[in-house]
Q: 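Here you go, one structure.
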Amino acid sequence: MAAIMAARGQGLVQDFDFFVVVDFEATCMKDVRIFPQEIIEFPAVLVDGATGRIESVFRRYVRPKHHPVLTQFCRELTGIRQEDVDGGVELGEGLWMHDSWLKAATAGAWSLAVVTWGDWDCRIMLESECRFKGIEKPSYFDRWINLRVTLQEAVRAAGLDWEGRLHCGLDDARNTARLLVELMRRGVKMTITGSLAPPPPIQQKEQQPQLLTSPCGGSSAPSLIQQKQQQPPQPHMISPCDGTSATCFCYCRVPTRGGVVSVPGPMQGKCFFGCGNWTPAMGPVCPYFVWTN
Ligand code: AMP
Ligand code: MG
Ligand code: MG
């Protein structure tokens, strides 16, 4: 593993003063994608990059707006009770409280990196909900260390057992923090493993985003960087829309993504536009879908 440095048995100097380990829990249903999915537990564990000590722990429950009543499946999966989210804060407030906690706990002196288990927390969940609700999030959530990438087999190698309840956000964050600490102790140098597109340069009014040409001759979604350069759509622009215009946005409020059916069958060769947040690993975030021909 490239990130593992030779110095075994002793901690390396890390690039970051602090690591903040997060593990969001969100609304969910059994076997069905819930839309829009919303964060319901926002936990964070702060690890000192020099000492490997867990310095402070943060947790807020977050009240979902679109599916305020948790499914039984979700309650059982996460251990989160209905009254927890009923008494929770809104996501924007949770982000603000987290930021205040972080500033106080690090005395404002931070080079810090967010640490997660998987890319879902920062690339999909927080990013899509903030876009969808028009919430501004601190930029430190725009890049992260996915410990899964860093360690892979190291969990077993470290001889660690998962403590507490799986899918309890705080237990998951605590366990991820334990792994982080163990890896640091064993001489693993932590490096950023994922990031969102860089912040947009200031755009001239007359400058049109350059569009990719889809195999169907229409305009497909601009690339991720180009998406970020566009102004967020006004609500009336989101849908209905036939997907063929460059100004079409899916329900996530990002430009739609064009594609062609490659699977043999009656729909092969047909063009469509779908969710702009589609990724090979996760599929679409929202159910937006239109045929173009
Ligand atoms: P995790 O961090 O792995 O505990 O999961 C984060 C979120 O992903 C959970 O709060 C759920 O919203 C969703 N999730 C995880 N596992 C499942 C599952 N088996 N079925 C549906 N949703 C799930
Ligand atoms: Mg998780
Ligand atoms: Mg979890």
Side-chain angles (χ1 to χ4, degrees), residues 19-47 54 57-86 88-91 94-95 98 113-133 137 140-141 143-152 154-155 160-181 183 193-194 252 275 277-279 281-287:
F19 297 100
V20 58
V21 182
V22 298
D23 184 84
F24 298 120
E25 302 301 330
T27 49
C28 54
M29 290 194 278
K30 186 170 168 54
D31 301 329
V32 182
R33 189 185 280 272
I34 197 165
F35 181 81
Q37 196 173 26
E38 293 170 287
I39 292 171
I40 52 177
E41 185 186 355
F42 187 152
V45 177
L46 185 70
V47 174
I54 292 182
V57 172
F58 170 91
R59 171 196 258 168
R60 289 294 180 282
Y61 289 107
V62 183
R63 195 171 52 248
K65 268 190 193 160
H66 294 267
H67 299 92
V69 179
L70 300 184
T71 60
Q72 185 183 347
F73 174 79
C74 187
R75 284 187 273 113
E76 284 171 4
L77 182 78
T78 61
I80 298 171
R81 301 164 308 167
Q82 184 62 44
E83 54 263 42
D84 293 331
V85 290
D86 287 345
V89 296
E90 293 199 350
L91 180 61
L95 278 164
H98 172 268
V114 169
V115 178
T116 55
W117 183 252
D119 287 330
W120 176 81
D121 299 82
C122 292
R123 189 183 294 288
I124 305 287
M125 189 60 244
L126 184 63
E127 170 71 358
S128 64
E129 187 170 350
C130 286
R131 271 176 186 250
F132 182 72
K133 294 184 173 172
K137 63 177 152 70
Y140 48 77
F141 279 117
R143 57 180 205 157
W144 58 90
I145 294 165
N146 172 0
L147 266 200
R148 195 185 275 164
V149 172
T150 315
L151 31 109
Q152 300 281 343
V155 184
L160 292 172
D161 292 326
W162 212 250
E163 280 178 5
R165 193 185 191 291
L166 205 61
H167 299 300
C168 162
L170 187 56
D171 285 348
D172 286 352
R174 270 192 211 283
N175 282 306
T176 310
R178 287 172 57 233
L179 282 170
L180 169 69
V181 169
L183 286 172
T193 63
C252 310
C275 172
N277 271 332
W278 182 92
T279 59
M282 299 295 295
V285 169
C286 78

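Atom set for the values below is all heavy atoms of this structure, side chains included, hydrogens, waters and symmetry mates excluded. Start at 1 and go down the list; that is how both ligands and their atoms are numbered. Just so it is clear, the structure is predicted and the values come from calculations on it, not from any experiment.
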Q: Tell me which one of L180, V22, V45 satisfies side-chain contact (heavy atoms from CB on, under 4.5 Å) with V115.
A: L180
Q: Using a 3.5 Å distance criterion without hydrogens, assess whether the side chain of E25 forms a donor-acceptor pair with backbone atoms of F42.
A: no
Q: Of all the heavy-atom pairs spanning C74 and I40, show the shortest one and how long it is.
A: SG-CD1, 3.7 Å
Q: What are the protein N/O/S atoms, named by residue and atom, that sit under 2.8 Å from the Mg ion (ligand 3)?
A: D23 OD2, E25 OE2, D172 OD2
Q: What orientation do H98 and F141 show, parallel under 30°, tilted 30 to 60°, or perpendicular over 60°?
A: tilted
Q: Has E83 got more than 12 heavy atoms of other residues, nucleotides or ligands less than 6.0 Å from its CD?
A: yes
Q: Please check: side-chain N/O of N175 versus main-chain N/O of D171, any donor-acceptor pairing under 3.5 Å?
A: yes
Q: Measure the CZ-CD distance between F24 and Q37 for me, rounded to the nearest 0.5 Å.
A: 12.0 Å
Q: Given a heavy-atom cut-off of 4.0 Å, could you list the residues near ligand 1 in chain and number order?
A: D23, F24, E25, A26, T27, C28, M29, Q37, F73, L77, T78, W120, H167, D172
Q: Could you go step by step and tell me if R123 and E127 meet the salt bridge (Lys or Arg N to Asp or Glu O under 4.0 Å) rule?
A: CA-CA 6 Å; R123 189 183 294 288; E127 170 71 358; over 6 Å; no
Q: May I ask you to say whether R59 pairs ionically with E41, meaning some side-chain N is under 4.0 Å from a carboxylate O?
A: yes
